[in-house]
Amino acid sequence: MSCFNQRVLDFSIIVDTFEQMERTSSRLALTDYLVSLLRKTPTDIIDRVIYLIQGKLHPDYEGVELGLAEKLAIRAISLSTGLDVKSIEQIYRNTGDLGDTVGEVTKSKNQTTLFAEKMTVERVYLTLDKIAHSAGAGSQDAKLRLVSSLLTLTSRESRYIMKFIMGTLRLGIADYTVIDALALAFTGDKSNRPILENAYNVSSDLGTVAKLLAIKGLESLRLLEITLYKPVRPMLAERVRSAEEALERMEGQSIAAEYKLDGERIQVHKGKEKVELFSRRLEKITHHYPEVAESIQKLIKTNETILEAEVVAINAQTDEFLPFQELMHRRRKYGIKEAIEEYPVVINIFDILYIDGEDKTSFPYFQRRKLIEKATKGLKNEKVRLVPQAIVKKTEDLEKLMAVAIEHGCEGLMIKQLLSSYRAGARGFAWIKLKREYRSTLADTLDLIIVGALYGRGRRVGKYGALLLAAYDSEADMFRSTCKVGTGFTDLHLEHFYKNLKDTRISHRHPRVDTGMQMDLWFEPQIVIEVSASEITLSPSHTAGINSIRENYGLALRFPKFTGKIRDDKNPEDATKVEELISMYKRQMRSIKNTRPLPKS
Ligand code: ATP
């Protein structure tokens, strides 16, 4: 029987699902639990339920954070339970998690909700939203009251509420799992997934996608349009090893080559009143680069527009580009004014998706480029620039440009089909990246996800000795291990990882992680780092690409080394894919064959 018409959803039903999800190590079971919850959810609150299970209150681009200090949370627990702050802190030291602390403190509370207050999801959500939005004078008291009012629920409910508030609800529900579950729950068929994905690509808001689907049906998703201030999921590039391969891949198409700048990708949304900047992960980051937003507002000649660009740090004296790492200094909450002076940046525009109410993504690239040229016409300002472009036909042209790009501090070239539309959220050969060779034998570095660790020994006691890294298997939506990395870390890095990974610790291997390795610690797959390696080998213990080359063998990186780059501009799903690893392995084997002397007859 369908429960779609049920008007309210009891919060305890969501908590039942959370508990099931927390216990499982199976990716398929996660989807099943989600489908069953979605089927019980009244359609008018389905967007909120989607946000809640992903540990947020709104889509990422709205940038709404609960932002509750630990001290205040402890006071709220004290207020609602009557236990003194010192005793709560003591329990917290043991559990390491404020949600579990609440669970522990209220353990003896009646679990049957007979005495505890009963609450709907709607009320819980609205209270959490109020906490997130209370600001200014008296907001601390207001937050205190609101949080402790939520902790009057049953022990297990309060535990999850506190986990949610503190951002430690780690259920591992990625966007892809939600999309699968929505397709199954509302269309009965996973094959409708591309329609949902498309809608997600233009809106970046799974709550809205879910609500439209649940209320108006699949067709309504096809009508979803690009909207100002809602980021579009970025188009991505495939990689090749040489200029020659790039041209082969383009199969005689007209192409342009551009600098591949080594900075941070930004999507610019310019309206009449304001400019917002979004990161590659679609988070609002206008506050990192307020001077860029200001220059865009002043200099770009359209009323409303969405642009794609790379922000790059420069040396103010020489105007030379500086590497990606320099931008780290701009990711701060305080001292922005000083950082603008000390670490100047320029914005380099390379695409345009929308102008004055019109979606331009279906236009071929050469026409979009003309639109950018028009929007930036006459610009002499150094803060806003157009990415230089050259039309190329021959391998030699590409090779020459590549050398110039590297000399100018770029990572290499982006090679683009001039007739291609903008394909939101897709990685394909319409864009090709050609990066410079690294000194290691592997032509390219890999971006891998940290999923586990070993405790350090000797000089590294009290830190991590090695990190277990995984590649992303997009087909199964899993993270499969490919190496343990212990080199390339400075003391500063080691401290950084120790501090930051603590917040993602979980008690067992994450359900979306697959590995044959035994580790001391497990993490929620969240942090992506860049590594180089000397080669890829067959491995009986790592599971990336398992059975693709040889039965029961996966692929492992030999001599992996951390390059020093933490890719916090990447989601775990944006990391190097297992398929890429497999094709890198095949390429490597081909080139070894080609260079090996022929066996003597
Ligand atoms: P990488 O790990 O190589 O930086 P990525 O996985 O972050 O790549 P890709 O789509 O594979 O993303 O590579 C394209 C990235 O290169 C873009 O996300 C953007 O940040 C950057 N970039 C630099 N210059 C350009 C350009 N001219 N056109 C498009 N992207 C550019």
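Whatever order the structure lists ligands and atoms in, that order sets their numbers, starting from 1. Along the sequence shown, residues are numbered consecutively beginning with 1.
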query: Name the residues with a heavy atom less than 4.0 Å from ligand 1?
result: Leu236, Ala237, Glu258, Tyr259, Lys260, Leu261, Arg265, Arg280, Glu310, Phe350, Val387, Met414, Lys416, Arg427, Trp431, Lys433, Lys435, Asp447, Arg567, Lys570
message: Which heavy atom of Lys394 sits nearest to which heavy atom of Leu247, and what is that distance?
response: C-CD1, 3.4 Å
message: So does His288 get a backbone contact from the side chain of Arg330, meaning a donor-acceptor N/O pair under 3.5 Å?
response: yes
Less than 6.0 Å separating the ring centroids of [X] and [Y]?
X: Tyr464; Y: Phe523; value: yes
X: Phe497; Y: Phe562; value: yes
X: Phe278; Y: His269; value: yes

- request: Assess whether atom NZ of Lys561 is packed by more than 12 heavy atoms of other residues, nucleotides or ligands within 6.0 Å.
  value: no
